[in-house]
Amino acid sequence: MNAPEALKPATATPSHVMNTYGRLPFALSHGRGCRVWDTEGREYLDALGGIAVNTLGHAHPKLVPALQEQIGKLIHCSNYYQAPLQEQLATTLCELSGLSNAFFCNSGLEANEAALKIARKFGHDKGIDRPEIIVYEKAFHGRSIATLSATGNPKVQAGFGPLVEGFVRVPLNDAAAIAEVANTRPNVVAVFLEVIQGEGGVNPATVDYLQAVRRLCDENDWLLMLDEVQCGIGRTGKWFAHQWAGIRPDVMPLAKGLGSGVPVGAVVCGPRAAHVLGPGNHGTTFGGNPLAMRAGVETLRIMQEDGLLHNAATVGAALKAGLARELGGVAGVVDLRGQGLMIGLELGRPCGELLGRAAEAGLLISVTAERVIRLVPPLILSLAEAERVVAILAPLVRDFLATPPKA
Ligand SMILES: Cc1ncc(COP(=O)(O)O)c(C=O)c1O
């Protein structure tokens, strides 16, 4: 990542933090709504939202006192005891999704690990000793050994073999490819996909494809497992992105936006999957702790109270329209896609350096799949802020594309 000179730290002190991220050279100190400030007092408009996490933006006036109250009462107590806040959050998630039971954990990969375990045990319970799960090219499901094996990105997998076996990979939106698997692989037990691939470049599964996969799952007694870690929790303008296709999954991993910044993951299941795991099959120390559950309960409550699904849909549409208006037809702009406040702008060449340039211009964004500018801002983004994102980003993209790449 090439940071502009102005953002380079004055002195480089040796770090004791393991070097696993390419970081921009500034630290954020506080935020309010969709604005954040760094330790030098520079202000940024946040179109990244902590990578689709800060649903309610920063320091939300309704969330902060609720979390403060919870911290003063009980942060953690273990899963040895009854868990009323887990019941409350599970009930809401089931009402919103039409599913029936939830298991709580701490992150997206953990939710996906639980989903993979459910799929395998579902297979074992019906006598399939070596169950297989259909996964996708360009998918991203996390960085544990099992979830990186399910991920369809060789860069994420490089250096970590041997990978976990039992995955069959197909291209997204190719109904013939998955039908072929159905005809040739008797050990398949589940299909596992993101409704909109996030890290893979904001690639939506089409409504037709999702409906076809749901039908295949029903015909073959497979579980439909939809990873909504990034695209769920209102981001597309419905509670869950699959609801645009009028289908229901059997298993739905969630995380990111669910706690509006407090780490929380969940796997929500329908009746075919909800009772596959029993006591002793799965667990986690921190999962479902009262602080995380309260963050989930309050996030969903505030989203409902403040009409954030509608906001995500309308402001997202305006943001996309603004980008289309300013950048449509510009040579080097390949595609503009996504739904609600999950938008990808694909350029014709790698554009990681735009991260630093955007930050210098006061805008936080991300670049994924090397050449896709991804916008996943808080769902409270206003129309004026959406226009500001366009006003900052469009000239940067135009300048970038007008300058030939360094040899
Ligand atoms: C679709 C999807 N699944 C899973 C994950 C992994 O989540 P986490 O980073 O919380 O483990 C991510 C993270 O980007 C994701 O986008």
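Count residues from 1 along the sequence. Keep in mind that the numbers below use all heavy atoms, side chains included, and drop hydrogens, waters and symmetry copies. As the structure lists them, so they are numbered: ligands from 1, and atoms in each ligand from 1. Remember, it's a predicted structure, so these values are computed and weren't measured experimentally.
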Item to check | Within 6.0 Å of CZ in Arg388, more than 12 heavy atoms from elsewhere | outcome: no
Next on the checklist: Can you pull out every side chain to side chain donor-acceptor pair (under 3.5 Å) where at least one residue sits in residues 180-196? Sequence neighbours excluded, please.
Outcome noted: Glu132-Arg185
Checklist entry - Has Gln82 got more than 12 heavy atoms of other residues, nucleotides or ligands less than 6.0 Å from its CD? => result no
Next on the checklist: Quick one about Thr236 and Trp244 (side-chain donor to acceptor, distance below 3.5 Å, no hydrogens or angles considered), yes or no?
Outcome noted: yes
Checklist outcome for this item: Output for ligand 1, non-hydrogen cut-off under 4.0 Å, lists Ser107, Gly108, Leu109, Asn112, Phe140, His141, Gly142, Glu194, Glu199, Asp227, Val229, Gln230, Lys256
Checklist entry - What do the steps show when you test Glu360 against Arg357 for salt bridge (charged side-chain N to carboxylate O under 4.0 Å, His left out), and what is the final call? => result CA-CA 5 Å; Glu360 183 154 70; Arg357 290 200 204 171; over 6 Å; no
Next on the checklist: Check whether Phe400 forms a cation-pi arrangement with Arg349 (NZ or CZ under 6.0 Å from the six-membered ring centre, at most 45° off the ring normal).
Outcome noted: yes
